[in-house]
Student: 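Supplied in structure tokens, the structure appears directly below.
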Amino acid sequence: PKQTSPRNYATTNSLPRNPSSTTSHRKAITVASDDGRVRWTELSTGEKVARSTQQSFNFLVVIAGVLMTGAVATVLYLEVFSMDSKTAIFNRAADKVKKDARCVEVLGPKKEIIAFGEPSWSRSRTEKDKAGIDHLYMHFNVQGPLNAGVVNLHMTKRPDESEFEYRFLSLDVKGHERIYIENADAGKLDKRNQGKMFGVRWW
């Protein structure tokens, strides 16, 4: 009987993979269509460039998102949570009005007093004088069951200070005298008048 010599047959799995032949059996990878499923070794030179471009773009998008998140967080802190934010100053001033017995007498019970400002704080402004002192001016409305009024405040912060301090905080209600809840200048005026009689300082 004839003896047949064994023959070696090359199988598909034993053949080396050629990226160009693999590419012919699938759609070409582009920046828009690459989903990462195809291995890097199976990509052609142009497809590798496309994947690298896509990954670089994705990285830039992530960085931009982080920067935007940081910017939003900073604005949110400065406008809402910071002690010097206009929202915080507005809330503290409104609380002072509600707790002042004279204001309650004119406006009504403190639990029924509401305070509201202007859109985008258009009625507040800050400025710095020649001495480097920051000045904050603001006014907002208050309303109670008895009357409605306008609250005005002026606050300052010196270069060596970390928070604003009241120069004055007042309430104006039509038909009533102005009520000063805070008035830093009043103390200075009292000291100036000490020792004076008929406008003349006697000691």
Side-chain angles (χ1 to χ4, degrees), residues 1-96 114-142 151 153-166:
K2 290 184 178 181
Q3 293 183 351
T4 57
S5 59
R7 295 182 181 180
N8 295 326
Y9 294 94
T11 62
T12 304
N13 293 332
S14 64
L15 293 175
R17 292 191 176 185
N18 186 356
S20 60
S21 63
T22 306
T23 305
S24 62
H25 298 291
R26 58 174 170 77
K27 293 182 178 180
I29 299 298
T30 64
V31 175
S33 65
D34 187 14
D35 56 6
R37 294 181 181 180
V38 181
R39 291 183 298 182
W40 178 263
T41 56
E42 298 178 358
L43 298 178
S44 65
T45 302
E47 290 175 332
K48 289 179 179 179
V49 173
R51 176 166 292 181
S52 299
T53 302
Q54 185 196 60
Q55 291 176 345
S56 300
F57 176 78
N58 292 340
F59 178 75
L60 292 176
V61 170
V62 171
I63 294 299
V66 171
L67 293 177
M68 290 183 63
T69 301
V72 171
T74 301
V75 172
L76 188 63
Y77 172 78
L78 294 176
E79 293 296 329
V80 179
F81 299 109
S82 171
M83 293 294 291
D84 288 344
S85 71
K86 294 176 182 178
T87 301
I89 291 173
F90 166 80
N91 289 334
R92 291 199 300 271
D95 287 340
K96 283 182 173 290
I114 59 174
F116 50 97
E118 301 289 340
S120 302
W121 300 108
S122 59
R123 295 301 182 181
S124 67
R125 74 180 193 277
T126 56
E127 58 186 37
K128 188 185 293 288
D129 62 21
K130 295 181 179 179
I133 300 174
D134 292 314
H135 295 261
L136 170 65
Y137 301 91
M138 180 187 295
H139 82 257
F140 58 89
N141 305 304
V142 289
V151 176
L153 68 83
H154 174 202
M155 305 182 77
T156 58
K157 182 172 68 174
R158 298 180 179 278
D160 58 343
E161 295 175 340
S162 59
E163 296 181 6
F164 279 96
E165 295 184 354
Y166 284 103

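Count residues from 1 along the sequence.
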Student: The test is side-chain contact (heavy atoms from CB on, under 4.5 Å); show your working for M155 and Y137 and say whether it passes.
Tutor: CA-CA 7 Å; M155 305 182 77; Y137 301 91; over 6 Å; no

Student: Kindly compute the distance separating CE (M138) from CZ (R125), expressed to the nearest 0.5 Å.
Tutor: 11.5 Å

Student: What is the ring orientation for F140 with F90, classed by angle as parallel under 30°, tilted 30 to 60°, or perpendicular over 60°?
Tutor: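 Plane angle over 60°, so perpendicular.
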
Student: Report the distance from atom CZ of R92 to atom OH of Y166, rounding to the nearest 0.5 Å.
Tutor: 6.0 Å

Student: Which distance, rounded to the nearest 0.5 Å, do you find between the CD1 of I89 and the CG of L153?
Tutor: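 If we round to the nearest 0.5 Å, I89:CD1 and L153:CG are 7.5 Å apart.
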
Student: To the nearest 0.5 Å, tell me how far H135 NE2 sits from T156 OG1.
Tutor: 6.5 Å

Student: Of all the heavy-atom pairs spanning G132 and P159, show the shortest one and how long it is.
Tutor: O-CG, 3.5 Å

Student: To the nearest 0.5 Å, tell me how far N91 CG sits from K96 NZ.
Tutor: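 Between atom CG of N91 and atom NZ of K96 there are 13.5 Å.
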
Student: Between atom CG of L136 and atom CD of E165, what is the distance when rounded to the nearest 0.5 Å?
Tutor: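 Rounded to the nearest 0.5 Å, the CG-CD separation comes to 13.0 Å.
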
